[in-house]
Amino acid sequence: MFDDGSRISSPEFLRRSIQELRRVSRAHSRKQKGSGNREQSRRQLVKLQEKVANQRLDWARKTAHAICKSLEGATGFIFIEDLNLQGMKKLWGRKGFRSCLWAFVSELTRVSKSYDIEVIKIGRFEKSTGVCSETGLIIDLTLADRNWNCDCGHMHDRDTESAKTILKAGLPVLLGTML
């Protein structure tokens with residue numbers, strides 16, 4: 001999500017391939033240990049797992065390049081939230097990692113260097129969700145709350161306001177690194 005309201009959605013390659021992965025894994029587990037057929041099915045399973053991993057990496061690279069190309073000649077900074085990925089894994093399990101966020105952030109950091117764009121992470125404990133970017137009012141939201149009304153009279157989108165708040169929180173971090 002960007003501060004202008006545009007979004008990039010993850011294609012969730014694992015979710016699209018999970019049925020085939022389960023089928024191939026079941027077939028592999030039914031083969032007799034030490035047999036040639038088991039080795040062949042193991043190779044098939046590894047090939048399918050590598051395909052999903054390569055799809056994730058390809059998407060992350062292409063998306064990172066597209067973002068950096070769109071920022072060429074602009075500010076030269078990308079602000080992101082330093083998320084606790086291990087905590088997300090415990091909370092959401094496989095669902096949290098289907099989005100391949102970890103691969104995307106590392107690719108964005110790597111690719112941005114070739115475009116002379118700096119990726120700045122704001123603090124993990126910096127409040128970004130449920131904060132009005134104009135007034136600074138903090139509202140407790142549940143995961144189901146996608147839009148909310150503020151005292152300033154505006155209806156805010158949860159993700160857009162979070163992106164604006166991350167941008168505002170990142171500017172002092174940027175100024176601190178420049179001193």
Side-chain angles (χ1 to χ4, degrees), residues 1-71 78-115 117 119 121-130 140-148 156-163 165-166:
M1 171 59 80
F2 297 96
D3 62 334
D4 64 356
S6 58
R7 298 173 186 259
I8 296 176
S9 59
S10 173
E12 296 187 359
F13 297 108
L14 179 62
R15 192 179 79 176
R16 288 193 280 172
S17 302
I18 196 74
Q19 294 299 326
E20 188 177 3
L21 276 166
R22 286 178 179 161
R23 182 187 58 78
V24 171
S25 180
R26 269 194 314 271
H28 172 69
S29 67
R30 290 184 185 131
K31 306 282 191 235
Q32 184 175 354
K33 291 185 179 178
S35 69
N37 284 340
R38 183 174 174 97
E39 179 60 25
Q40 185 178 4
S41 70
R42 184 193 67 80
R43 287 187 188 138
Q44 184 181 8
L45 181 61
V46 167
K47 187 176 179 180
L48 189 56
Q49 289 170 338
E50 285 177 349
K51 177 184 173 188
V52 172
N54 289 337
Q55 286 174 326
R56 283 178 169 174
L57 185 60
D58 182 58
W59 174 84
R61 284 184 178 156
K62 287 179 180 176
T63 306
H65 277 286
I67 290 171
C68 290
K69 281 181 185 176
S70 71
L71 291 176
I78 298 174
F79 298 100
I80 59 174
E81 189 173 10
D82 185 22
L83 297 172
N84 181 3
L85 296 177
Q86 290 300 319
M88 290 172 65
K89 181 179 177 182
K90 288 180 182 177
L91 182 63
W92 293 332
R94 183 175 62 223
K95 181 181 177 185
F97 279 82
R98 278 198 311 233
S99 65
C100 64
L101 180 65
W102 53 272
F104 175 70
V105 169
S106 63
E107 279 302 307
L108 181 63
T109 305
R110 186 187 67 78
V111 168
S112 66
K113 289 177 185 172
S114 64
Y115 287 90
I117 296 173
V119 175
K121 295 182 180 181
I122 68 160
R124 174 179 301 184
F125 300 106
E126 187 80 32
K127 179 85 169 141
S128 65
T129 304
D140 288 327
L141 300 174
T142 65
L143 281 175
D145 298 330
R146 303 312 303 166
N147 296 307
W148 51 280
H156 296 299
D157 177 67
R158 172 192 188 113
D159 297 329
T160 305
E161 283 303 303
S162 293
T165 304
I166 290 170

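The basis for the numbers below is simple: all heavy atoms, side chains too, and nothing from hydrogens, waters or symmetry mates.
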Contacts of [X] that satisfy side chain to side chain contact (heavy atoms under 4.5 Å, CB included) - sequence neighbours left out:
{"X": "Gln44", "answer": "Val24"}
{"X": "Thr63", "answer": "Ile8, Trp59, Ile67, Phe104"}
{"X": "Arg30", "answer": "Arg26"}
{"X": "Leu57", "answer": "Arg61, Glu107"}

Exercise: identify the closest heavy-atom pair between Cys68 and Ile117: O-CD1, 3.6 Å

For [X], what residues pass the side chain to side chain donor-acceptor pair (under 3.5 Å) criterion, not counting sequence neighbours?
{"X": "Ser41", "value": "His28"}
{"X": "Arg38", "value": "none"}
{"X": "Arg42", "value": "Glu39"}
{"X": "Asp82", "value": "none"}

Beyond-backbone contact of Thr160 with His156, side-chain heavy atoms, under 4.5 angstrom: no

Side-chain touch Leu71/Ile78, heavy atoms, less than 4.5 angstrom: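 The answer is yes, as the side chains (C-beta and beyond) meet within the 4.5 Å cut-off.
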
Taking salt bridge (Lys or Arg N to Asp or Glu O under 4.0 Å) as the test, write out the residues that go with [X], two or more places apart.
{"X": "Asp58", "answer": "Lys62"}
{"X": "Arg16", "answer": "none"}
{"X": "Glu81", "answer": "none"}
{"X": "Lys51", "answer": "none"}

Sidechain N-carboxylate O distance under 4.0 Å for Asp157, Arg146: no

Side chain to side chain contact (heavy atoms under 4.5 Å, CB included) between Arg23 and Glu20, intermediate numbers included: CA-CA 5 Å; Arg23 182 187 58 78; Glu20 188 177 3; 3.7 Å; yes

